[in-house]
Amino acid sequence: MAVLLDAKYIRSNPDEVRAALAKRKKEVNLDKFLALDEKRRSILSEVEQLKNKRNVVSQEIARLKKEKKDAEALIAEMQQVSGTIKELDDKVREVEAELNDILLTIPNIPHESVPLGESDNDNIEVRRWGTPREFGFEPRPHWDIGEDLGILDFATAAKVTGARFTFYKGLGARLERALFNFMVDLHATEHGYTEVFPPYMVHRHSMVGTGQLPKFEEDAFKVAGTDYFLIPTAEVPVTNMYREQILDSDQLPIYHVAYSACFRAEAGSAGRDTRGLIRQHQFNKVELVKFTRPEDSYEELEKLTRDAEDVLRLLGLPYRVSMLCAADLGFSSAKTYDLEVWMPSYGRYVEISSCSNFEDFQARRADIKYRPGPNEKARYVHTLNGSGVAVGRTVAAILENYQQEDGSVIIPERLRPYMGDVERICK
RNA sequence: GGAGAGAUGUCCGAGUGGUUUAUGGAGCUGGUCUUGAAAACCAGUGACACCGCAAGGUGCCGGGGGUUCGAAUCCCUCUCUCUCCGCCA
């Protein structure tokens with residue numbers, strides 16, 4: 001593979017890149033990069049001259065041989081040249097590998113509309129929908145509600161597997177299944193997304209393509225004895241569907257919706273959200289993925305975010321949308337809106353979806369292009385994705401927001417057709 | 001898991017060591033014809049990446065390595081696809 005990322009851009013706009021990365025509060029050794037880049041080009045031009053010579057003289061040798069003339073002197077000389085070429089080629093390879101290592105650790109450049117900031121405290125609330133309900137009693141956390149109703153069983157999952165796993169039982173399992181069916185149907189039939197059902201394991205290249213590797217290997221589950229990783233999100237297989245492809249302009253935009261289980265090691269999250277459904281090693285998610293022309297991608301991000309919000313609106317769950325500041329932005333993203341649902345037991349909004357425009361960052365790494373018009377040069381597409389939405393957290397939000405004083409939970413109306421018309425989960 | 005066959009540019013498909021600087025189609029662009037379109041015919045174009053201000057140069061025939069003065073072509077290796085056998089939800 002070894003697709004060189006946009007070395008040219010960094011070379012010609014080093015200050016701009018430096019400034020953009022500073023926004024993220026990330027250290028990147030650009031000077032080393034620029035020096036290596038310089039070195040690469042100088043060796044390259046040297047070796048290319050030698051190769052030119054080799055090509056020319058080889059023709060000459062062929063001609064001499066045809067005429068039955070002596071070519072021994074030229075052949076001897078070319079043996080030397082070939083040796084040198086081999087050495088220089090090795091050196092170029094070495095330098096390129098180093099360059100690539102650096103490039104793969106450089107995060108995306110934040111979009112100009114993204115605010116500066118130091119932490120998630122500096123994210124900007126864009127809008128809110130719905131009003132958190134007034135409870136006439138002390139609202140309980142979803143894990144208590146779920147366990148009391150016999151629909152969530154954390155203890156048994158801990159016995160069978162370990163911490164951060166859950167058994168859903170009875171109407172709990174039904175609720176989970178109803179939710180992802182509802183979400184996929186909504187996006188596929190009302191928002192124009194084509195449904196896909198992806199593999200749950202991908203190889204290393206795909207993880208590099210969407211930016212999970214090489215920087216975040218400890219966050220992923222690796223399948224022993226293989227080079228496969230359990231997907232942390234359907235974004236990985238779905239975005240990589242079009243890797244190393246040149247799409248026709250009229251294929252764009254491409255919209256996909258995918259339900260999948262997601263697997264995350266949650267390294268570094270020890271002690272955070274240890275109870276309940278909020279942070280699990282395995283959870284279900286419905287993911288929206290778009291491939292668009294560069295000039296359309298920001299408009300498409302707004303639409304994608306609205307599509308995700310629709311899920312929460314139709315379920316009657318109060319939420320807010322916030323724009324992440326540069327310091328809180330994910331590695332691959334140029335701009336991200338988080339959807340946060342109201343969680344009564346937390347007394348605050350909790351992330352339930354993250355909608356991002358990656359611009360051409362993933363497209364470069366995965367080599368996804370399109371041809372703007374006949375005989376035009378292929379360009380990188382822009383990729384976007386967002387959760388539409390995280391299913392486990394939606395279950396948590398429904399249990400908490402729709403809980404009743406007697407411990408039962410009312411099912412949102414829109415969901416009832418998927419629940420066999422069950423209106424309420426009782427003991 | 002075993003045996004065999006394959007992988008060539010946007011697509012289809014030739015090419016088994018030296019004028020292949022990769023045949024030929026399709027496609028695309030322009031034209032002729034037509035009220036317009038299609039079809040047909042004529043001409044043009046001919047993938048992609050890198051270096052270079054440019055002229056130009058280099059690389060690339062699934063990935064990686066090797067042999068050779070010279071590799072799409074020979075050798076090794078990996079991946080994937082197809083056919084048959086075995087196993088299997």
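What you see below is based on every heavy atom in this structure, not just the backbone, and it leaves out hydrogens, waters and symmetry mates.
Considering only heavy atoms from C-beta on, A:Ile368 comes within 4.5 Å of A:Phe291 through its side chain. In this structure, the side chains of A:Met241 and A:Pro198 stay at 4.5 Å or more apart for every pair of heavy atoms. Contact check for A:Gln362 versus A:Arg365: no side-chain heavy atoms found under the 4.5 Å cut-off.
To the nearest whole angstrom, the two P atoms, one in B:U58 and one in B:A22, are 12 Å apart. For the C1' atoms, the distance linking B:G46 with B:A55 amounts to 22 Å, nearest Å. Comparing the P positions of B:A43 and B:C60 gives an interatomic distance of 34 Å, to the nearest angstrom. Nucleotides B:C69 and B:G17 are separated by 12 Å at their C1' atoms, to the nearest Å. Taking the C1' atom of each, B:U73 and B:C53 are spaced 39 Å apart, rounded to whole Å. The separation of B:U8 from B:A14, taken at their P atoms, amounts to 11 Å, rounded to a whole angstrom. Annotation: B:A72 and B:A26 have their P atoms spaced 27 Å apart (nearest Å). Nucleotides B:U77 and B:G4 place their P atoms 13 Å apart, quoted to the nearest Å.
Atom CD of A:Glu244 and atom C1' of B:C60 are 14 Å apart (whole Å). Atom C1' of nucleotide B:C50 and atom NZ of A:Lys51 are separated by 11 Å, given to the nearest angstrom. At whole-Å resolution of the value, CD1 in A:Ile75 and P in B:G18 are 15 Å apart. Taking atom CD1 of A:Ile85 as the reference point, atom P of B:G66 lies 13 Å away to the nearest angstrom. The CD atom of A:Glu46 sits 15 Å away from the P atom of B:G59 (whole-angstrom rounding). One interatomic measurement links the two molecules: CZ of A:Arg243 to C1' of B:G63, which rounds to 13 Å at whole-angstrom precision. The separation between A:Ile10 atom CD1 and B:C50 atom P is 13 Å, rounded to whole Å. Rounded to whole Å, atom C1' of B:U19 lies 13 Å from atom CD of A:Glu67.
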Look for any protein N or O under 3.5 Å of an N or O in nucleotides 70-80 of chain B and output each such pair with its distance, or none.
from  : atom 1 : to      : atom 2 : distance (Å)
B:G70 : OP1    : A:Ser82 : OG     : 2.6
B:G70 : O4'    : A:Ser58 : OG     : 3.2

For nucleotides 51-56 of chain B, which of its nitrogen or oxygen atoms have a protein nitrogen or oxygen under 3.5 Å away, and what is each distance?
from  : atom 1 : to      : atom 2 : distance (Å)
B:C51 : OP1    : A:Arg11 : NH2    : 2.8
B:G52 : OP1    : A:Arg41 : NH1    : 2.6

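In terms of modelled atom types and a separation under 3.5 Å, the side chain of A:Tyr370 and the main chain of A:Arg293 share no donor-acceptor contact. A side-chain donor-acceptor contact under 3.5 Å links A:Arg416 to the backbone of A:Ile411.
A:Gln59 has no side-chain polar atom (N or O) that falls below the 4.0 Å cut-off from OP1 or OP2 of B:G18.
Looking at A:Asp37 and A:Arg41, a side-chain N of the basic residue comes within less than 4.0 Å of a carboxylate O on the acidic one, giving a salt bridge. A salt bridge between A:Lys86 and A:Asp89 is absent, with no side-chain N of the basic residue lying under 4.0 Å from a carboxylate O of the acidic one. The pair A:Lys285-A:Glu235 does not meet the salt-bridge criterion, since no charged nitrogen lies less than 4.0 angstrom from a carboxylate oxygen.
Among the protein residues, A:Lys53 comes within range of no part of the nucleic acid, since none of its heavy atoms lies under 4.0 Å from any strand. Nucleic acid contact for A:Glu77: none, since no nucleic acid atom lies under 4.0 Å from a heavy atom of the residue.
A:Ser354 and A:Asp338 are linked by a side-chain donor-acceptor pair at a separation below 3.5 angstrom, with hydrogens and angles left out of the test.
Note: A:Phe221 and A:Phe263 fail the aromatic proximity criterion, with ring centroids not under 6.0 Å apart.
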A correct dot-bracket answer for RNA chain B, with pairs being Watson-Crick or G-U at under 3.5 Å, [ ] for crossing pairs and | for inter-strand pairs, is ((((((((.[[[..)..(.....]]]((((((.......))))))..((((....))))..[[[[[..)....]]]]])))))))....
